[in-house]
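All chains are named by letter (A, B, ...) in the order of the sequence lines, taking the proteins before the strands, and each is independently numbered beginning at 1.
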There are 2 protein chains.
Amino acid sequence: MTERAEIGADNDPSFASEAETRRTADSSERAYLSIRKLLVEFKLKPGERINEVQLSRSLGVSRTPIREALNRLASEGFVSLTPNRGFFVRSLSTEGLLDLYELRSIIECAAFKLMCERADDSEIDRLRQYWEAIVDVYPNQPPDIILAEDEGFHLLIAELSGNPELVGQLSSINARIRFIRRIQIEHPSHDKAQITSHSAIVEAAVKRDAENGAKLLREHIEMTVSATQQALKDALLKVFAPDNGAELKRRRRGREG
Amino acid sequence: MTERAEIGADNDPSFASEAETRRTADSSERAYLSIRKLLVEFKLKPGERINEVQLSRSLGVSRTPIREALNRLASEGFVSLTPNRGFFVRSLSTEGLLDLYELRSIIECAAFKLMCERADDSEIDRLRQYWEAIVDVYPNQPPDIILAEDEGFHLLIAELSGNPELVGQLSSINARIRFIRRIQIEHPSHDKAQITSHSAIVEAAVKRDAENGAKLLREHIEMTVSATQQALKDALLKVFAPDNGAELKRRRRGREG
DNA sequence: GAACGCAATAGTGTCGACACTTTCTTGACG
DNA sequence: CGTCAAGAAAGTGTCGACACTATTGCGTTC
C-alpha cells in the first residue's frame with residue numbers, strides 16, 4: 001500500500017510560495033478552500049478516510065488549520081466526522097444528491113416568490129440585465145465560467161428575495177452540488193435548455209408572475225435532476241476508473257457507494 | 001446531555017470530574033454543547049467578543065477544542081469570525097430573526113407537502129400518535145420540555161418528508177431560534193393556540209391535504225412571528241438590564257443591536 | 001489639552017509534541 | 001489453514017508554547 005500522498009496540492013499556488021517565516025495570513029482559510037477544491041474535484045474520493053497528517057504535509061501547514069477547515073467542511077456536509085477515527089469524505093449516493101436538488105428547488109422557488117412580492121422594479125431589472133449581459137456568450141465559454149454565471153443568476157434571485165438566510169443556504173447547497181453540475185454542463189444538450197429556461201424565468205419575474213416563475217424554476221431544476229442520474233454514473237466512473245476497478249469493488253462494502 | 005454550563009463551568013459535571021490523566025472523551029463535542037448553551041441562554045451576549053483563553057479556562061480544556069467548537073458554531077451562524085480579531089457572538093437583529101422564521105416556514109411547508117406525497121399510512125400514524133401522546137400533558141410542563149416536544153413534532157414532519165437534508169436544515173434553524181422560542185413559550189397565551197394548531201395540522205396530515213396543511217403550518221409559524229417581535233424586546237431587556245443600561249448603549253454603536 | 005506615535009499588554013493563529021485509540025502485523029495455538 | 005491475541009505502527013485528540021496582530025495606555029509634541 002504505497003500510499004504516496006498523491007493529494008498533490010503542493011503545486012497549489014495559494015500555498016507553498018515563501019517558505020519563509022511568513023506565518024501570517026490565515027492558513028485555515030486557504031486550507032479550507034484547498035480541501036474543498038480537492039473534494040469537488042474528486043482528488044479526495046467519496047467514502048475515503050482523510051489522513052490529516054498527509055494532508056497537512058501536502059498543504060504545507062500543521063494539522064491545526066487542517067482540522068479547523070475539516071470541521072467547517074463537516075458542518076457544511078462535505079465530510080463527516082467519526083470520533084477517534086477521523087474525517088471521511090462524504091459518499092455521494094444518488095438519493096443524497098436528489099435530496100440536495102430537492103432542497104435547492106424548495107429554496108429557489110420560495111426565493112422567487114418572495115422576490116416577486118418584495119423587489120422593486122429596479123431590482124427586477126438588475127436580474128434582467130444580468131441575464132441579458134451574458135445570454136449571448138453564455139454557451140461559448142469554459143464550464144467553470146458557465147457554472148459561475150448560472151450560480152450567479154440563481155443567487156441573484158435569492159438576494160432579491162430580501163432574505164439573506166436564503167442566500168446563505170443556496171450558496172452552501174451550490175458548493176455541495178457544484179462538482180456534479182460541472183460534469184453535467186459538459187453534456188452538449190445542456191446549454192440551450194438552460195438558456196430558454198432562464199429567459200422564461202426572467203420574463204416571469206418582470207411580470208411578477210410568482211406562481212408561473214416558481215413552476216418554471218421547479219421544472220428547470222427537475223429537468224437537470226434526471227440528467228443528474230446519468231451524470232452521477234459518469235462521475236463515479238471518472239473517479240474510480242483511473243486507478244482500477246478493484247477500488248470501486250472495495251468501496252461497495254461500505255454504505256452507499 | 002444534561003450539561004449545565006454556568007460560564008464558570010468548572011462545576012460542570014460533564015467536565016472536570018477525574019482530574020486524572022483521563023484525557024479521553026471528546027472535549028470538543030462537550031465544548032460545543034456548553035458554548036452553544038451559553039449562547040442560547042445569553043450568558044454570552046450578542047455582539048460580544050469571545051475570549052478564547054477565558055472560555056478555555058472556565059470550561060477546563062485547552063483552546064484547541066474551544067476553537068473547534070467555535071468554528072462549528074460559526075458555520076452554523078451562531079457566531080462570526082473576524083480574522084485576527086476572533087469570534088463574536090452574533091447580534092440578534094429583529095430582521096435576522098424574522099428571516100430565520102421565514103426560512104423555517106419555507107422548509108416546514110415543503111416538508112409537509114412531501115410527507116403527504118410520500119409517507120405511508122403507518123408513518124402518518126406515527127405523527128398522530130406522537131401528538132396524541134403529549135397533547136394532554138402538553139401545557140403543564142416546564143418550558144424546556146414543551147419546547148423539545150414542539151421541536152420533535154415539527155422535526156418528525158421533516159423526517160416523514162423522506163428528505164434528510166430537510167431534517168438537517170430544520171435542526172439547525174431550531175437551534176438558532178431556540179432561545180427566543182423559550183422566552184415566547186413562557187407567555188401564557190401561547191399554549192392553547194399551539195395545541196389547536198398542531199391538532200389541525202395532524203388532521204390535515206391524516207387527510208393528506210397538503211395545501212391546507214401547509215397553509216396551517218405557515219399561519220402557525222407566522223402567528224409566532226408577531227409574538228416574536230415582543231419576545232425579542234423582552235429578551236433584550238432581560239439580557240442587558242441585569243448589568244446596567246450602559247451596556248445596551250455601548251452596543252448601539254455597532255450594527256444591529 | 002488634543003493628536004500623535006510608541007511601548008506594553010492582551011489575544012489570536014499556528015506549531016510541534018505527546019497521550020490515547022484504532023488498525024495492522026505477526027506469531028502462537030486450535 | 002484459520003482464529004485469535006499481543007505487540008507495533010499509524011492516526012486522532014488535546015495540550016502548552018510561541019509568533020504574530022490588535023488594542024490599550026502613556027508620554028511627547030504641537
Atom-pair distance (CD on B/Glu68; P on C/dT14), nearest Å = 14 Å
Within the pair B/Ser27 and D/dT14, is there a side-chain N or O less than 4.0 Å away from OP1 or OP2?
-> yes
A/Ile107 and side chain to side chain contact (heavy atoms under 4.5 Å, CB included): which partner among A/Val167, A/Ile157, A/Leu166?
-> A/Leu166
Nearest whole angstrom, please: distance from the C1' of C/dG16 to the CD1 of A/Ile66.
-> 15 Å
Measure the shortest side-chain to side-chain distance between A/Ile134 and A/Gln141 over non-hydrogen atoms and say whether it is less than 4.5 angstrom.
-> no
Considering only NZ, NE, NH1 and NH2 on the basic side and carboxylate oxygens on the acidic side, decide whether A/Arg72 and A/Glu29 come within less than 4.0 Å.
-> yes
Report the distance from atom CG of A/Leu59 to atom C1' of C/dT14, rounded to the nearest whole Å.
-> 14 Å
For A/Glu108, what residues pass the side chain to side chain contact (heavy atoms under 4.5 Å, CB included) criterion, not counting sequence neighbours?
-> A/Arg104, A/His154, A/Leu170, A/Leu217, A/Ile221
Heavy atoms, side chains only, cut-off 4.5 Å: are B/Arg36 and B/Leu73 in contact?
-> yes
What residue pairs, at least two apart or across chains, pass ring pair (Phe, Tyr, Trp, His ring centres under 6.0 Å) with a residue in residues 66-87 of chain B?
-> none
Mind calculating the distance between CG (A/Leu55) and C1' (D/dT12) to the nearest angstrom?
-> 14 Å
Tell me whether the OP1 or OP2 atom of D/dT14 has a side-chain N or O from B/Thr64 closer than 4.0 Å.
-> no
Polar atom pairs between nucleotides 8-12 of chain C and protein, under 3.5 Å, N or O only, would you list them?
residue	atom	partner	partner atom	Å
C/dG11	OP1	B/Asn51	ND2	2.9
C/dT12	OP1	B/Ile50	O	2.9
C/dT12	OP2	B/Glu52	N	3.4

